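This report concerns only the one structure given below.
Since this is a predicted model, take the numbers as computed values, not measurements. Order of appearance sets the numbers: ligands from 1, and atoms from 1 within every ligand.
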Amino acid sequence: MDYEALLELVKSRRSIRAFTDQPVSEETVEKVLEAARWAPSGANSQPWEFIIIRDQATKDKMALWARQHQDLAHEAELTRPEELRWGSAARSVSDPFFKNTPVLILVVGDPRVSRSFPLLTYIEREEKNFVSALAGAFLYMTLAATSLGLGSHWASLVGSGYPSAMIADLLGIPDGYCIYDMLGLGYPAIEPKPRVVRDRETLTHYERYDHAKYRTDEQLREWLISLRK
Ligand SMILES: Cc1cc2nc3c(=O)[nH]c(=O)nc-3n(C[C@H](O)[C@H](O)[C@H](O)COP(=O)(O)O)c2cc1C
């Protein structure tokens with residue numbers, strides 16, 4: 001593996017939200033999980049566990065709860081200034097795309113492993129380290145998926161209060177575990193549009209924070225609005 005190949009992999013990982021009917025084999029899913037297993041974590045605590053979901057009835061239930069949550073979220077979205085609203089807020093809420101995704105991998109974390117941290121880290125940074133570890137494993141999965149020709153998408157909605165409680169009950173997730181996020185996997189049916197990526201110079205500082213690069217509130221607002229377009 002050289003840097004160019006790695007960068008190519010990183011750049012070609014994109015969120016895919018539409019899939020072909022081509023099935024994803026168990027072996028392919030295992031390869032994705034194998035990469036996640038090697039992710040770094042605070043004190044090597046490895047808080048992650050993975051639930052593979054293929055059953056359509058389960059997907060339908062999860063999609064329903066996510067949609068109910070989204071209904072309220074969209075109503076709340078309408079309270080924001082129009083230019084900052086997500087475009088979808090004006091439309092009626094449809095089923096989340098993960099309903100039609102061939103394989104879902106729900107990433108859950110066991111917070112008890114944080115006791116392996118040194119005491120002060122445990123007290124001050126437990127939550128941050130825990131979530132960072134789960135995010136790392138998640139990213140490894142997305143890269144592994146890309147290398148296998150799969151598309152993947154990040155569905156964080158399922159970790160919100162209402163869907164999360166319902167899903168924990170349906171899937172028998174142990175009390176106290178955190179539903180982190182869910183990865184959808186399948187063979188891409190679409191080519192994503194090019195993505196806006198911030199220019200490296202604007203976000204790099206040498207030795208000290210360069211205040212010439214600090215974005216004013218107005219500049220930041222313009223940037224956020226540009227992302228909505
Ligand atoms: C923490 C996190 C949460 C995300 N949650 C969602 C989500 O709930 N639904 C969704 O469609 N995309 C979600 N995404 C995907 C982002 O929208 C996507 O990564 C971003 O727009 C960049 O596009 P790309 O992945 O194609 O490069 C999430 C991404 C991250 C990192």
Side-chain angles (χ1 to χ4, degrees), residues 6-19 32 35-36 39-41 47-48 50-51 53 59 62-74 76-77 84-109 127-167 178-200 203 220 223-229:
L6 173 71
L7 195 63
E8 181 54 35
L9 176 68
V10 168
K11 284 184 175 177
S12 52
R13 182 227 49 83
R14 294 296 312 281
S15 294
I16 301 293
R17 300 179 178 91
F19 302 96
V32 170
S41 57
W48 43 70
F50 308 93
I51 303 179
I53 300 161
K59 288 180 199 166
M62 290 168 66
L64 172 69
W65 297 324
R67 206 185 67 213
Q68 288 170 333
H69 169 83
Q70 258 178 329
D71 271 337
L72 294 173
H74 280 205
E77 188 71 25
L84 284 174
R85 275 180 216 161
W86 280 85
S88 57
R91 297 196 294 273
S92 60
V93 176
S94 55
D95 275 335
F97 46 82
F98 68 70
K99 185 174 170 165
N100 302 317
T101 301
V103 181
L104 302 173
I105 302 179
L106 191 69
V107 179
V108 298
E127 173 87 19
K128 213 168 171 184
N129 284 2
F130 177 65
V131 172
S132 300
L134 295 171
F138 206 94
L139 276 174
Y140 273 28
M141 289 200 297
T142 64
L143 292 176
T146 305
S147 77
L148 292 161
L150 290 165
S152 67
H153 65 75
W154 197 312
S156 50
L157 191 65
V158 294
S160 305
Y162 171 63
S164 162
M166 300 305 281
I167 292 168
C178 149
I179 293 188
Y180 173 61
D181 274 341
M182 189 169 74
L183 186 74
L185 284 178
Y187 290 95
I190 50 148
E191 175 96 11
K193 290 188 202 140
R195 174 189 147 192
V196 179
V197 179
R198 288 175 69 191
D199 185 55
R200 183 155 35 90
L203 46 86
L220 195 70
W223 157 253
L224 296 179
I225 292 170
S226 77
L227 290 179
R228 294 285 178 275
K229 288 183 182 141

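Close contacts of ligand 1 with L157, meaning ligand atoms under 4.0 Å from a residue heavy atom, involve 8 (O).
Taking all heavy atoms of F97, W154, Y180 into account, the minimum distance to atom 30 (C) of ligand 1 is reached by W154. Distances from atom 16 (C) of ligand 1 to the heavy atoms of H153, R17, M182 show the closest one on R17.
Using cut-offs of 30° and 60° on the angle between ring planes, the pair Y180 and F138 is perpendicular.
Within the 3.5 Å criterion, the main-chain N or O of I53 finds no donor-acceptor partner in the side chain of K59. Put simply, the side chain of K11 never gets that close to the backbone of L6: no donor and acceptor are under 3.5 Å apart.
Atom 19 (O) of ligand 1 lies below 4.0 Å from at least one non-hydrogen atom of the protein.
Residues W223 and R198 meet the side-chain proximity criterion, which asks for heavy atoms closer than 4.5 Å. Side-chain contact check for I16 versus H153: every heavy-atom pair is 4.5 Å or farther apart.
Within the 4.0 Å heavy-atom criterion, both parts of R14, backbone and side chain, lie near ligand 1.
The nearest heavy-atom contact from the protein to atom 25 (O) of ligand 1 is S15 OG, 2.6 Å. With hydrogens left out, the protein atom closest to atom 5 (N) of ligand 1 is S156 OG, 2.7 Å, a heavy atom. The nearest heavy-atom contact from the protein to atom 23 (O) of ligand 1 is R195 CD, 3.7 Å.
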